[in-house]
Amino acid sequence: MKIGYAIFMDHVHTPDLPCPHSVQLFNWIIDGKLKVHIGGTYPLANAARAHADMESGETTGKLLLIP
């Protein structure tokens with residue numbers, strides 16, 4: 001049995017390759033075709049708390065750090 005993982009640079013050989021896909025992704029969000037669930041926001045000074053909450057497994061969605 002082999003366990004592996006993908007490394008970004010193994011799949012994207014030039015910096016301009018992900019641009020069209022990123023534009024499409026953000027357009028889906030703007031158009032309401034893709035819903036991004038924000039599970040919580042934290043002041044940047046509380047990054048350790050955000051990390052602890054994430055590790056606890058009790059959060060869902062994306063956690064945002066606000067500068």
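Heads up: numbering here begins at 1 and tracks the sequence.
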Determine all donor-acceptor pairs shorter than 3.5 Å in which one atom belongs to a side chain in residues 21-30; sequence neighbours excluded.
residue : atom : partner : partner atom : Å
S22     : OG   : P18     : O            : 3.0
N27     : ND2  : V23     : O            : 3.3

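- In this structure, CE on M54 lies 9.5 Å from OH on Y42, to the nearest 0.5 angstrom.
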Quiz: residues 56-67 side-chain donor-acceptor pairs under 3.5 angstrom, not counting sequence neighbours:
residue : atom : partner : partner atom : Å
S56     : OG   : D53     : O            : 2.6
S56     : OG   : E58     : N            : 3.2
T60     : OG1  : H37     : NE2          : 3.2

